[in-house]
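This report concerns only the one structure given below.
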Amino acid sequence: MSDKIAAMSTEANDAQNIKNPQLGWIIGFLFLVSFIGLFGLVPLRKIMIVDYKLTYPSGTATAYLINGFHTPQGAKLARKQVKKLGTFFVLSFVWGFFQWFYTANADECGFQKFPSLGLQAYKNRFYFDFSPTYVGVGMICSHIVNISILLGAILSWGIMWPLLAKKRGIWFSADLADTSLHGMQGYRVFIAIALILGDGLYNFLKIFILTVISLRSQLKKSNASTLPISDDGTVTDITPISYDEERRNELFLKDQIPWYVALGGYVVIAAISIGTVPQIFPQLKWYHILVAYIFAPVLAFCNAYGAGLTDWSLVTTYGKLAIFAFGAWVGASHGGVLAGLAACGVMMNIVGTAADLMGDFKTGYLTLASPRSMFISQVIGTAMGCIIAPCVFWLFYKAFGNIGVDGSEYPAPNAAVFRSMAILGVDGFSSLPKNCLTLCYVFFAAAIVINLIRDLVPKKVLRFIPIPMAMAIPFYIGAYFAVDMFIGTAILFVWQRLDRAKADAFAPAVASGMICGDGIWVLPQSVLALAKVKPPICMKFLSRTMNDKVDAFLTT
């Protein structure tokens, strides 16, 4: 929403389509829209957890992990994992501190700008930037995700963008800056959007069809009239329940959250939001918010049910639908870009929170936790998040003046991508550079075809077919983090070959330590930046020719 991101495009960068972040309105907006998702699906928790027995794979895995801690072997392993996490946390933090000394100019200096694969590769954003965070993420993500990201980086920054750059002056003006959406940046952003939308649309339709089929089979079971009859004429149950399941059902249904509390909470919060959100975003009228809250529970149910079946929450897909729907409804002349982005925030909060809550209910069901206590804890945690998350964001936003800018230390690629989607929804295809729409069609279709192939091939072949959504990520941001993540997945692959048991037990702890240590270092780094304390050294790399020119200049 900010003027920094709006300045990357010549469209919709007027005052009514810009709202610079301020801590006050961000906290207020989150309080208005974050709680309503908690109340939307609470009355359906018995149906989804007990009756339909949805698996929620992540919630189930978390439950088994928690239950495993409460065994002698699990407690011993947990102590070793915590020790390993602490070791790599300290190492990652110290490495971040050490790197800081060499970043007098963060955009050009330091290990993060090390041309490890050569200067030409560096110009195309292919380099290893010594980031413990991305190496750790690579160790956590599956191998196929990391390979897909690397393939996307090679396809885009290694092949396509250098070829498109030769069309400068033919397909787009040679005078345009590299960050202009009418030039190279337009191809990067909109082709990435085409891949993301193709992947999202395919998975949305797939999960929607699976949801309909599953619901239909559940209704058939509940309406079945044939009852098993024993020899003495009495009705018998052909699905005996184990003691553990009976105990879980008893505890899960004991602490009921009354339906009128959930419905009343939803109506009250919706009424407050309908009257208040338009005060924060005047481009959104009260009836826009009303329509969003009418459809939100249906979309939340679809997303929560799909997540229960596949462990895949399509919250960003629903957010993109809101961008296009509300942006087009409001219109370009009435601030449609900002309205679409705000509606996206409303929808994503509701739909995402509802799916997360159901997954947590599944964890609580398997660990014999009280549903009422879990719900109250979710409310408290949400309230804390509405304050803590904006404060952390504000620390980044104020400490690093170029956050969100392409090529900076924190490019925040989704900022430009989502704003470009909003512009596309409002202005249509007129904002695209020449032949960009054709390329978008090709990649949109390719995403659907690749996903279709992934669903049709055997499992042993599936692990070799890339994921379009993952391939799209480096199209805009660059290839450097793909190199980092590939190194992480290579480390994990070798570790698994040498000792599979230890790798499975300790790799998540090692990766988490690296991510947390590097992340925590950002806090003192931000404080130093706010205090105007700058690193003393700039470590920069030059070509031999440029170095000779610098030496000649210094000796004259």
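Values reported hereafter were calculated over all heavy atoms of this structure, with side chains retained and with hydrogens, waters and symmetry mates removed.
By the 4.5 Å heavy-atom criterion applied to side chains, Tyr187 and Lys167 are not counted as neighbours. By the 4.5 Å heavy-atom criterion applied to side chains, Ser2 and Pro21 are counted as neighbours. In this structure, the side chains of Phe190 and Ser420 come closer than 4.5 Å at one or more pairs of heavy atoms. You'll find the side chain of Val483 reaches within 4.5 Å of the side chain of Ile487, heavy atoms only. Contact annotation: the side chain of Leu85 never approaches that of Val510 to less than 4.5 Å [non-hydrogen atoms, C-beta and beyond]. Between His143 and Thr489 the shortest side-chain heavy-atom distance falls below 4.5 Å. With contacts defined as side-chain heavy-atom distances shorter than 4.5 Å, the pair Tyr397/Ile26 does not qualify. The side-chain heavy atoms of Leu542 and Lys549, taken from C-beta on, include no pair separated by under 4.5 Å.
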Checklist entry - Passes side-chain contact (heavy atoms from CB on, under 4.5 Å), Val522 versus Phe396? Steps please. => result CA-CA 9 Å; Val522 174; Phe396 271 86; 3.2 Å; yes
Next on the checklist: Does Arg168 form a side-chain contact (heavy atoms from CB on, under 4.5 Å) with Met184? I'd like the steps, not just the answer.
Outcome noted: CA-CA 8 Å; Arg168 186 182 295 272; Met184 280 301 302; 3.7 Å; yes
Checklist entry - Given the rule in the side-chain contact (heavy atoms from CB on, under 4.5 Å) test, do Ser131 and Asp518 qualify, once you have shown the distances and angles that lead to the verdict? => result CA-CA 8 Å; Ser131 169; Asp518 196 33; 4.0 Å; yes
Checklist entry - Please walk me through it: do Ile27 and Trp394 pass side-chain contact (heavy atoms from CB on, under 4.5 Å)? => result CA-CA 11 Å; Ile27 293 176; Trp394 193 246; over 6 Å; no
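Side chains of Tyr134 and Asp129: no donor on one and acceptor on the other come within 3.5 Å.
No side-chain donor-acceptor contact under 3.5 Å links Ser92 to the backbone of Phe88. Of the possible polar contacts, one joining the Asn349 side chain to the Gly345 backbone as a donor-acceptor pair under 3.5 Å is found. When atom types are taken as modelled, the side chain of Thr363 and the backbone of Ala63 share no donor-acceptor pair closer than 3.5 angstrom. Ser148 places no side-chain N or O within donor-acceptor distance of the main-chain N or O of Pro466, the cut-off being under 3.5 Å. At distances below 3.5 Å, at least one donor-acceptor pair connects side-chain atoms of Tyr56 with backbone N or O atoms of Ala304. With hydrogens and angles disregarded, a donor-acceptor distance shorter than 3.5 Å links the side chain of Asn146 to the backbone of Ser142. Counting only distance, with no hydrogens or angles, the side chain of Thr60 and the backbone of Thr55 share a donor-acceptor pair below 3.5 Å.
Counting non-hydrogen atoms of other residues, nucleotides and ligands closer than 6.0 Å to CZ of Phe126 gives a total above 12. Residue Phe393 qualifies as enclosed at atom CZ: its count of foreign heavy atoms under 6.0 Å is above 12.
Between Val417 and Ile193, the shortest heavy-atom contact is O-CD1, 3.6 Å. The minimum heavy-atom distance linking Gln525 with Trp100 is given by the pair CG-CD1, 4.1 Å. Nearest heavy atom pair, residue Trp495 against residue Lys502, reads CZ2-O, 3.9 Å. Considering all non-hydrogen atoms of both residues, Asn13 and Ala6 come closest at CB-O, 3.5 Å.
With ring centers used as reference points, Phe128 lies 6.0 Å or more from Phe114.
The CD1 atom of Ile465 sits 9.0 Å away from the CD1 atom of Ile450 when rounded to the nearest 0.5 Å.
Ring-plane geometry between Trp161 and Trp157 is classed as perpendicular, the angle between the planes exceeding 60 degrees on a 0 to 90 degree scale with a lower cut at 30.
Considering Phe111, Trp95, Phe130 as possible partners of Tyr102, the one that fulfils the ring-ring contact (aromatic ring centres under 6.0 Å, His included) test is Phe111.
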